[in-house]
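Data block below; observations after.
The figures that follow rest on heavy atoms only: side chains count, while hydrogens, waters and symmetry mates do not. Since we're looking at a predicted model, the values are computed, not measured.
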Amino acid sequence: MLQRPLQREGLARALTEVTVSVQRERKIEDALSVLAAGLEAMGFDVAIVELTEDEYSLRYLTQRPHLLALAEAVKAQLAGFPRLTSEELVSVMRTDRGVFISDLATATVAWLEVVEAPHSLRPFVQQAVRANAIVAPLSIRRDNWGAVIFMHDDLLETDMPLLNLFALQVGSALGVVEGLELLDRRNAELELVHTLAVSSTRSDVKELCRQALETVCRTTGADAGTLHRFERESGHFVLVGDAFGYSGALVEAYRSFTLPDGPVGRAPVSMPVDAMPEGSTLVGKEGFNQAAIVPLTLEDQSVGMLSLFRRALKPFSESDLRSAEILGVQMASMLERQRLYQESQRLYADLKASYDELARAQAEVVRHERLAALGELAAVMAHEVRNPLGVIFNSLTTLKRLTRPTGDAEMLLNMVGEEADRLNRIVADLLDFARPYELVKKAIAIEPFIAGAVDAATQTLPPSSPLKVVTSFERELPPFPIDAHLLRQALINLVVNAAQAMPRGGVITVTATIEPPAPGARLQVPWLVVEVRDEGLGLTSRATEKMFQPFFTTKATGTGLGLAVVKRIVDSHGGEVMARANPEKGTTFVMRLPGGSDRDGTMTPPRATPAARR
């Protein structure tokens, strides 16, 4: 490709303008880009190399196809662009005079010999490089930073003083930029330190982590970073928030890991990626070449680790590590505050759960005591009322036989008989409620048991009742251990209750399923779930709260003991009973009963009253 002729007239002014443009930047990387762009606008091909421990690494190369092709070929053949390690080149670039290369192609071939590049690269050279070059040393703050290589077909040795002076001015400008970048870095560090210091335990840790990693990567020149907290119990490093600068398989691999020798040391360290103690292959595949590991400690205890990655070959400097360490102290404090907050939250949750459990136990004790007292009173009253009832029934029967009443007399005697019969049912309900339950569980077939209970319940309904009771089973149920006598009474009460909720008729649906044990549940046994669904008017909030309390009823003639008996029977099985409103209309009552039994096949619940056993 033909190169634009070098315009020496006005060259000095153009170079000065480039220097001024460089000095306006606040980052070294941006300043180098402005420098290269300005020189390329004058017709130069440019290479900028940086000196690191007597080795030069390429920081910029003009994006010209043939030159790039040569560079890519060298990288492909040598598994990476080689650093310039020739003592002769290093000594030349260390001088303040620089060097003029009158035959750049020959010098390039000689360099390929030095780095032991394959001979197949030789044909690239003639098309790739310009005829001549000037290597001008670049110093920043009197330190040998590197060199600028000016490449042009029209370059002469007499151009060296001007380009050396330009390199000297650019070095001064880059020194200003470096100072501004350092100032920005310190400001960012102070801002992050302030943000982390004033952050509360309730702050968004994920957002704080993102801000911290972004600032650390910006101030250290890293391309990516992660923050891990150290779990002392498990010995795992666990990712906090999201990784910064990379994603995918690498994030998943680093989400949680352990180190072979436990927590890392106390001091930050920079290392090539292939020297990392964990995951070096995967990190290398993402294009990273350098890594920095910053241990996070508080009071000699490891609390986490900050990992930084860089795609450039340049290692992290002492300044970079010092900056990361300063910020790491605040990040460690943040992690420790979060750990203590989470620990206090866990302890609070445990304490609250214990308190709630104690409150439930106390409420249960109070309820049992009330039920016991109520049961004793009900039993006494039932026995005291049943004796006069017997006299009333006998007297009614005798009166009807002796007087053979008709008209109003017959009507009045029938009314007395009906009310006495209702009173007798109340007494029976009281006795059922007051009776202590001794559970005898046996494994029985569920389908015929439910069908029998439903038939018994329908027998108590008027023959002309417009009700339909259906049963539904998802599949054939295996035998299940229950007290058939008690549970039959509970199921009858629920079906009768559903029927009473639908005076104008409807469908009552009874279903049964067996649920497997829930993972992590205290009782690892299957559960029998029986549901009774009606199409009535539903429940009010007040009725929902009190429906299982003794003597609470919404019916004009109810005793309020039917559902209380159901709850006692279900409680004696160690189960639970609840009611929920249907989406459309009506209510569904649900009984959940656990499987299993004592060794002797019996289960005796706490008695509500010390009355005689049935």
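Counting only heavy atoms from C-beta outward, the side chains of K400 and N414 approach each other to under 4.5 Å. Looking at heavy atoms from C-beta onward, L528 lies out of side-chain contact with T513 at the 4.5 angstrom threshold. V577 has its side chain within reach of M591: a pair of non-hydrogen atoms, C-beta onward, lies under 4.5 Å apart. Annotation: side chain of R568 is not in contact with side chain of D571 (no heavy-atom distance under 4.5 Å). P517 is not listed as a side-chain neighbour of V525, based on a closest heavy-atom distance of 4.5 Å or more. Proximity of D242 to F244: side-chain heavy atoms (C-beta onward) are nowhere separated by under 4.5 Å. Residues R580 and E531 form a side-chain contact, since some pair of their non-hydrogen atoms from C-beta on lies under 4.5 Å apart. Contact annotation: the side chain of L239 approaches that of T226 to within less than 4.5 Å [non-hydrogen atoms, C-beta and beyond].
Remark: L412 CG is packed, more than 12 non-hydrogen atoms of other residues, nucleotides or ligands lying under 6.0 Å away. Around CZ of R404, the count of heavy atoms belonging to other residues, nucleotides or ligands within 6.0 Å does not exceed 12. In the displayed structure, D350 atom CG is contacted under 6.0 Å by more than 12 heavy atoms of other residues, nucleotides or ligands.
The heavy-atom pair separating P268 from V294 by the smallest distance is CB-CG2, 4.0 Å. Annotation for E447 and L477: closest pair OE2-N, 2.9 Å, computed over non-hydrogen atoms. Considering all non-hydrogen atoms of both residues, S572 and L486 come closest at OG-CD1, 4.5 Å. Residues G235 and T258 come closest through the heavy atom pair O-CG2, 3.5 Å. In terms of heavy atoms, T458 sits closest to D455 at OG1-O, 2.7 Å. Here the closest non-hydrogen pair linking L399 and P405 is O-CD, 4.3 Å.
When the options L563, I508, V510 are evaluated for a side-chain contact (heavy atoms from CB on, under 4.5 Å) with L494, the one that passes is L563.
Taken to the nearest 0.5 Å, the CD1 atom of I450 stands 12.5 Å off from the CZ atom of R488. Here R229 contributes atom CZ and S302 contributes atom OG; the two are 13.0 Å apart, rounded to the nearest 0.5 Å. Interatomic distance, CE of M305 versus CG of L227, reported as 9.5 Å (0.5 Å rounding). In this structure, the separation between CD on E576 and CH2 on W527 is 5.5 Å, given to the nearest 0.5 Å. Atom CD1 of I492 and atom CG of L487 lie 10.0 Å apart (nearest 0.5 Å). Here N497 contributes atom CG and M502 contributes atom CE; the two are 10.0 Å apart, rounded to the nearest 0.5 Å.
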### Query
Can you check side-chain contact (heavy atoms from CB on, under 4.5 Å) on F589 and M578, steps first, answer last?
CA-CA 6 Å; F589 283 85; M578 65 200 77; over 6 Å; no
### Message
Working note: F288 + D223, criterion side-chain contact (heavy atoms from CB on, under 4.5 Å); need CA distance, chi angles, decisive distance, verdict.
### Response
CA-CA 8 Å; F288 299 116; D223 298 305; 4.2 Å; yes
### Task
Assess whether salt bridge (Lys or Arg N to Asp or Glu O under 4.0 Å) is satisfied between E357 and K352, documenting all intermediate values.
CA-CA 8 Å; E357 183 65 27; K352 187 175 184 302; over 6 Å; no
### Task
Check step by step if side-chain contact (heavy atoms from CB on, under 4.5 Å) holds for V570 and L593.
CA-CA 7 Å; V570 173; L593 307 168; 3.9 Å; yes
#### Entry: Stepwise side-chain contact (heavy atoms from CB on, under 4.5 Å) check, T511 with R533
CA-CA 8 Å; T511 64; R533 177 190 178 105; over 6 Å; no
### Task
Carefully, step by step, assess E515 and R592 under the rule salt bridge (Lys or Arg N to Asp or Glu O under 4.0 Å).
CA-CA 9 Å; E515 293 180 354; R592 297 184 74 248; 3.0 Å; yes
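Checking side-chain atoms of N582 against main-chain N and O of E584 turns up no donor-acceptor pair under 3.5 Å. Side-chain atoms of N394 come within 3.5 Å of backbone N or O of G390 as a donor-acceptor pair. Without hydrogens or angle criteria, D483 side chain to K441 main chain gives no donor-acceptor distance under 3.5 Å.
With hydrogens and angles left out, the side-chain atoms of N493 and Q489 include a donor and acceptor closer than 3.5 Å.
In this structure, F230 has its ring center at least 6.0 angstrom away from the ring center of H236.
E476 is linked by a salt bridge (Lys or Arg N to Asp or Glu O under 4.0 Å) to nothing, counting only residues two or more places apart in sequence or in another chain.
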